[in-house]
Novice: 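The structure follows.
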Amino acid sequence: MRIDLHTHSSASDGTDTPADLVRIAAAAGLDVVAITDHDTTRGWDEALAARPAGLTVLRGTEFSCRYVAPGGRRVNLHLLGYLFDRDDPPLRAARARLRSSRRDRGKIIVDRMTAAGLPIDWQAVSALAGGGTVGRPHIARALVRAGVVASVDEAFAGPVSSRAPYYEPKADLDVLETIALIRGAGGVTVFAHPIATRRGPVVPDEAVAAMAAAGLDGLELDHPDHGPADRDRARALARELGLVTTGSSDYHGSNKATPIGTCTTAPDSYEALVARPTALSPAG
Ligand code: AMP
Ligand code: FE
Ligand code: FE
Ligand code: ZN
C-alpha cells in the first residue's frame, strides 16, 4: 500500500487539475491519495469524479493557521483537515475568510511590485489562479512569464520571499480553535510539516502538546522539508503525545520539484487515522 496524504491541485497552488492529480497519483502507483488544497474544498468533486478504479481518494484541506505562544510570540503553521463536512457553517465561513484575505493580500503584493516597476499585474496573477485559492506561487509564475525571474524557486528566493519589500502577510486561523472546528465538523486533523526548520521558525514542543490536548490526531513526519533531526523530533513528540504519524509529498505539480508519492504513510497509521469517526468516508 502506497499512501500519500498531502497534495495540491490547481484548486490552490498546484499546477495539475484535480482530475489530472488523481490520474497522476494512480499512474505513480499510489493506492491512496489525499487532495489537500490550501483553504478550499473546491477540488474535491472533480477529483472524486475522475478517480481511477483502485485508487482511494481522501478529501482534505490544508488550513492556514497561527499558534500564539503564552508570551505572545506567534508562529504560522499549516493544519491538514480530512473527511470533515464541508457544509459545516463555521468552518465554511473560516475557509471563505482565508481565501478572501489571500486575494486582498495578493493584490497588495502585486501593487507594491507594480509601483516598484516590475512588469506584473493582478489580472495575470488572477488568471493563473483560475478561480482557485490565490497564493504566492501564482505571483511567482507571473514573474517567470514576465521574464523577471527564471523559475518559481528564484522568485521565492527574491521578490516573492517573505523578506522582500513587497511582502504582506495573509490572514490565518487560531490553530487550537481550528482543531476544534474541524472536529466539530466530523473531521480529523494532522499538523503539516511540523518541524520544517528549513522553512523558518517552528512551534515549540508545548504548542504541539496544546494541539494534542485540543484534539489533534496526527503529525506529518516524513515530508520533503523535514531533515533527519526534524523527523527524530516529530517521532519523539508523536510517541510522547500518542499521535498518529503520517508521510506525504506535499506535491504541487510543476510548482515544486517533488514528485507525488515522495514520502508516504504507513498502512497501519493510515488505518488508525481513518478508523476514527468522521463525517465522510475515504472514496474508493
Ligand atoms: P502563501 O501561502 O501565499 O504565503 O505561499 C506559500 C506557498 O508557496 C506554500 O504553500 C508553498 O506551497 C509555496 N512555496 C514556498 N516556497 C516555494 C518554492 N521555493 N517554490 C515553489 N513553491 C513554494
Ligand atoms: Fe502550497
Ligand atoms: Fe503546507
Ligand atoms: Zn501543502
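In each ligand, atom 1 is the first atom listed, and ligand 1 is the first ligand listed. All values reported here derive from a predicted model rather than from experimental measurement. No hydrogens, no waters, no symmetry mates; every other heavy atom, side chains included, goes into these values.
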Novice: Name whichever N, O or S atom of D13 ends up nearest to the Fe ion (ligand 2).
Specialist: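 Checking each N, O and S atom of D13, the shortest distance to the Fe ion (ligand 2) belongs to OD2.
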Novice: Who are the side-chain contact (heavy atoms from CB on, under 4.5 Å) partners of A69, not counting sequence neighbours?
Specialist: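 With neighbours one apart ignored, the set is Y67, R73.
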Novice: Provide the tally of protein N/O/S atoms nearer than 2.8 Å to the Zn ion (ligand 4).
Specialist: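 Excluding waters, the total comes to 4.
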Novice: Can you confirm whether the side chains of N255 and T15 place a donor and an acceptor under 3.5 Å from each other?
Specialist: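 The criterion, which ignores hydrogens and geometry beyond distance, is not satisfied for T15 and N255.
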Novice: Using the rule side chain to side chain donor-acceptor pair (under 3.5 Å), only one of R105, K107, R112 pairs with E168; which is it?
Specialist: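 Going through the options one by one, the only one that passes is R112.
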Novice: Working to the nearest 0.5 angstrom, can you tell me the gap between S64 OG and H78 NE2?
Specialist: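 The OG atom of S64 sits 4.5 Å away from the NE2 atom of H78.
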Novice: Please assess R199 against D250 for the test salt bridge (Lys or Arg N to Asp or Glu O under 4.0 Å), listing each intermediate value before the final yes or no.
Specialist: CA-CA 14 Å; R199 280 184 177 223; D250 205 353; 3.3 Å; yes
Novice: Would you say CZ of R51 has more than 12 non-hydrogen atoms from neighbouring residues, nucleotides or ligands within 6.0 angstrom?
Specialist: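 Yes, the 6.0 Å shell around CZ holds more than 12 heavy atoms from other groups.
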Novice: Could you pull out all donor-acceptor pairs under 3.5 Å where a side-chain atom in residues 214-222 meets a protein atom, sequence neighbours excluded?
Specialist:
from : atom 1 : to   : atom 2 : distance (Å)
D217 : OD1    : R276 : NH1    : 2.8
D217 : OD2    : T189 : N      : 2.9
E220 : OE1    : H193 : N      : 2.7
E220 : OE2    : H6   : ND1    : 2.8
E220 : OE2    : S248 : OG     : 2.3
D222 : OD1    : R231 : NH1    : 2.8

Novice: Stepwise, does the salt bridge (Lys or Arg N to Asp or Glu O under 4.0 Å) test hold for R86 with D45?
Specialist: CA-CA 12 Å; R86 63 168 15 160; D45 297 339; 3.2 Å; yes
Novice: Using a strict cut-off of under 4.0 Å between a residue heavy atom and any atom of ligand 1, list the qualifying protein residues by chain and number.
Specialist: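 These residues qualify: D13, H38, R102, R105, G135, R136, P137, V152, D153, F156, K170, H252, N255, K256.
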Novice: In terms of side-chain geometry, is the basic nitrogen of R23 or D20 positioned less than 4.0 Å from the acidic oxygen of its partner?
Specialist: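 Yes.
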Novice: Give a yes or no on whether a salt bridge exists between R233 and D205, defined as a side-chain N under 4.0 angstrom from a carboxylate O.
Specialist: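 Looking at D205 together with R233, the answer is yes, because their closest N to O distance falls below 4.0 Å.
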Novice: Do any of the N, O or S atoms of H252 sit under 2.8 Å from the Fe ion (ligand 2)?
Specialist: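 Checking H252: at least one N, O or S atom is under 2.8 Å.
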